[in-house]
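Keep in mind that the numbers below use all heavy atoms, side chains included, and drop hydrogens, waters and symmetry copies.
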Amino acid sequence: MTYIVFRDCPKLKSFTISSNHAYLAVVDDVLLNKDLTTIIIYPTDRDGESYEMLSSVTIIGEGSFWECRNLISMTIRDNVTIIKEYAFYFCSNLSSVTIANSVTSIDERAFAYCSSLPSITIPDTVTSISLGLFQGCSSLPSITIPDTVTSIGSYAFGDCSVLTSITIPDLVTTIGEYAFVNCTGLTSIIIPYSVTSIGAYVFKSCIKMESIILSGNSLETIGEYAFSNCTGLT
């Protein structure tokens, strides 16, 4: 977890490293592995509102863009297959992200607390919404989950306070605890027939939720407090 080494260094602008280093390389002030396939750390205070990723990159490393508040837009190129956990965590000014269809895995909290993000498209190569993936994305009014997704992790959309519209695909079988907690803009939701388990506190404090449809007969368990404090439920 290299990003922890430089955690809370808000003035870090660049890296310099010997060209003969056996394991690491620096291109445009950004630290990568030697073969330029993995972004390791993007300097927290690097100049520029956008970053053009190298075509050789296939992995965006864990926490690699953690709290990069100068970053406003990002295009994730076609060669990228994995976005690791906490990759864009607390990039609070990030307002535009394009994710290529080559991406098959987006790990936990990769975009959590990107509080300026107004929209994002999840490619249909992704099969799960991981833990806390969009937690605290408080500018996200709606999101389309691709039909390929089979599970929604805990806290996945927690505290997305302006989220008003979401469709849960028919292949989803489990919705983790706290997945939509404090989504105070949601007014209704349809749980598809494929869902067998709804975790605890899933819709807690969704105060504008007026209706919930539990379709089909596959649902086996609803966790405690799943609809607690849904004061608008009629």
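- Here the OG atom belonging to Ser154 is positioned 13.0 Å from the CD1 atom belonging to Ile129, to the nearest 0.5 angstrom.
- A continuous path of Ile, Leu, Val, Met, Phe, Trp and Tyr side chains, each step under 4.5 Å between heavy atoms, connects Met209 with Phe180, placing both in one hydrophobic cluster.
- Ile198 is listed as a side-chain neighbour of Leu214, based on a closest heavy-atom distance under 4.5 Å.
- A distance of 7.0 Å separates CD in Gln135 from OH in Tyr155, rounded to the nearest 0.5 Å.
- Interatomic distance, Glu49 CD to Ile72 CD1, rounded to the nearest 0.5 Å: 3.5 Å.
- When the side chains of ILVMFWY residues are joined at heavy-atom separations under 4.5 Å, either directly or via intervening members, Tyr86 and Met53 end up in two distinct hydrophobic clusters.
- Across all non-hydrogen atoms, the minimal contact from Ala110 to Ile106 is CB-CG2, 3.7 Å.
- Contact annotation: the side chain of Val27 approaches that of Leu54 to within less than 4.5 Å [non-hydrogen atoms, C-beta and beyond].
- Asp47 and Asn70 are not linked by any side-chain donor-acceptor pair at a separation below 3.5 angstrom, with hydrogens and angles left out of the test.
- The closest side-chain donor-acceptor pair between Asn229 and Ser205 falls under 3.5 angstrom.
- Formation of a donor-acceptor pair under 3.5 Å by the Ser128 side chain with backbone atoms of Ser130 is not found in this model.
- Checking side-chain atoms of Ser228 against main-chain N and O of Tyr225 turns up no donor-acceptor pair under 3.5 Å.
- Linking Ile, Leu, Val, Met, Phe, Trp and Tyr residues whenever their side-chain heavy atoms come within less than 4.5 Å leaves Leu163 and Ile190 in two separate clusters.
- Note that OG of Ser197 and CD of Glu177 are 10.0 Å apart. Values are rounded to the nearest 0.5 Å.
- Side-chain contact annotation: Ser161 with Asp159, donor-acceptor N/O pair under 3.5 Å absent.
- The number of heavy-atom neighbours closer than 6.0 Å to CZ of Phe227, taken from other residues, nucleotides and ligands shown, is above 12.
- Two residues are said to be in side-chain contact when any heavy atoms from C-beta on lie closer than 4.5 Å; Ile76 and Val103 meet this criterion.
- Side-chain atoms of Thr148 and Thr127 include no donor-acceptor pair closer than 3.5 Å.
- The minimum heavy-atom distance between Arg77 and Ser55, with the atom names listed, is NH2-CB, 3.6 Å.
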Checking ring pair (Phe, Tyr, Trp, His ring centres under 6.0 Å) for the pair Phe157/Phe203: CA distance, chi angles, key distance, verdict?
-> CA-CA 10 Å; Phe157 299 96; Phe203 296 100; over 10 Å; no
So Asp78 and Asn101, side-chain contact (heavy atoms from CB on, under 4.5 Å) or not? Walk me through it.
-> CA-CA 7 Å; Asp78 288 343; Asn101 285 331; over 6 Å; no
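- Proximity of Ile189 to Thr167: side-chain heavy atoms (C-beta onward) are nowhere separated by under 4.5 Å.
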Given the rule in the side-chain contact (heavy atoms from CB on, under 4.5 Å) test, do Val195 and Thr174 qualify, once you have shown the distances and angles that lead to the verdict?
-> CA-CA 6 Å; Val195 172; Thr174 58; over 6 Å; no
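- The shortest side-chain heavy-atom distance between Leu24 and Leu32 does not fall under the 4.5 Å cut-off.
- Pro169 approaches Pro192 most closely through the heavy-atom pair O-CG, 3.3 Å.
- Not one N or O on the side chain of Thr37 forms a donor-acceptor pair closer than 3.5 Å with the backbone of Thr58.
- Taking the six-membered ring for Trp and the full ring otherwise, Phe15 and Phe6 have centroids separated by under 6.0 Å.
- In this structure, the separation between CD on Glu220 and OG1 on Thr173 is 10.0 Å, given to the nearest 0.5 Å.
- Ser73 contributes no side-chain N or O that, together with a main-chain N or O of Ser50, makes up a donor-acceptor pair within less than 3.5 Å.
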What's the verdict on salt bridge (Lys or Arg N to Asp or Glu O under 4.0 Å) for Arg69 and Glu67, showing C-alpha distance, side-chain angles and the deciding distance?
-> CA-CA 6 Å; Arg69 294 191 175 95; Glu67 289 188 318; 3.4 Å; yes
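- Remark: side-chain polar atoms of Thr44 are not paired, donor with acceptor, to backbone N or O of Pro10 under 3.5 angstrom.
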For Phe88 and Leu117, run side-chain contact (heavy atoms from CB on, under 4.5 Å): C-alpha distance rounded to whole Å, both residues' side-chain angles, the deciding distance at 0.1 Å, then the answer.
-> CA-CA 11 Å; Phe88 296 94; Leu117 195 63; over 6 Å; no
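- For the residue pair Pro118 and Ser95, the shortest heavy atom distance occurs at CD-O, 3.1 Å.
- Counting heavy-atom neighbours within 6.0 Å of Leu36 CG, excluding the residue itself, gives a total above 12.
- Nearest heavy atom pair, residue Val149 against residue Ser151, reads CG1-O, 3.4 Å.
- A heavy-atom distance below 4.5 Å is found between the side chains of Leu94 and Met74.
- Below 30°, between 30° and 60°, or above 60°: for Tyr42 and Tyr51 the angle between ring planes is above 60°, a perpendicular geometry.
- Atom CG of Asp35 has more than 12 heavy atoms from other residues, nucleotides or ligands within 6.0 Å.
- Applying the side-chain contact (heavy atoms from CB on, under 4.5 Å) test between Asn33 and each of Ile59, Ile40, Val57 identifies Ile40 as the sole match.
- Considering only heavy atoms from C-beta on, Ile191 comes within 4.5 Å of Ile175 through its side chain.
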Please test Phe90 against Trp66 for ring pair (Phe, Tyr, Trp, His ring centres under 6.0 Å), starting from the C-alpha separation and ending with a verdict.
-> CA-CA 6 Å; Phe90 259 112; Trp66 183 298; 7.7 Å; no
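- Linking ILVMFWY residues whenever their side-chain heavy atoms come closer than 4.5 Å, directly or via other members, places Phe111 and Phe65 in the same cluster.
- Contact of the Asp147 side chain with the Asp170 side chain is not registered, since no non-hydrogen atoms from C-beta on lie closer than 4.5 Å.
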Is there a salt bridge (Lys or Arg N to Asp or Glu O under 4.0 Å) between Asp45 and Lys11 once you walk through the steps?
-> CA-CA 5 Å; Asp45 196 34; Lys11 297 181 179 180; over 6 Å; no
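- Looking at every heavy atom in both residues, Ser92 comes nearest to Ser115 through O-OG, 3.6 Å.
- Ile41 and Val5 fall within a single hydrophobic cluster, where Ile, Leu, Val, Met, Phe, Trp and Tyr are joined by side-chain heavy atoms under 4.5 Å apart, directly or via other members.
- Put simply, CD1 on Ile99 and CD1 on Ile60 are 8.5 Å apart, with the number rounded to the nearest 0.5 Å.
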Assess whether side-chain contact (heavy atoms from CB on, under 4.5 Å) is satisfied between Thr150 and Leu171, documenting all intermediate values.
-> CA-CA 5 Å; Thr150 59; Leu171 290 182; 4.2 Å; yes
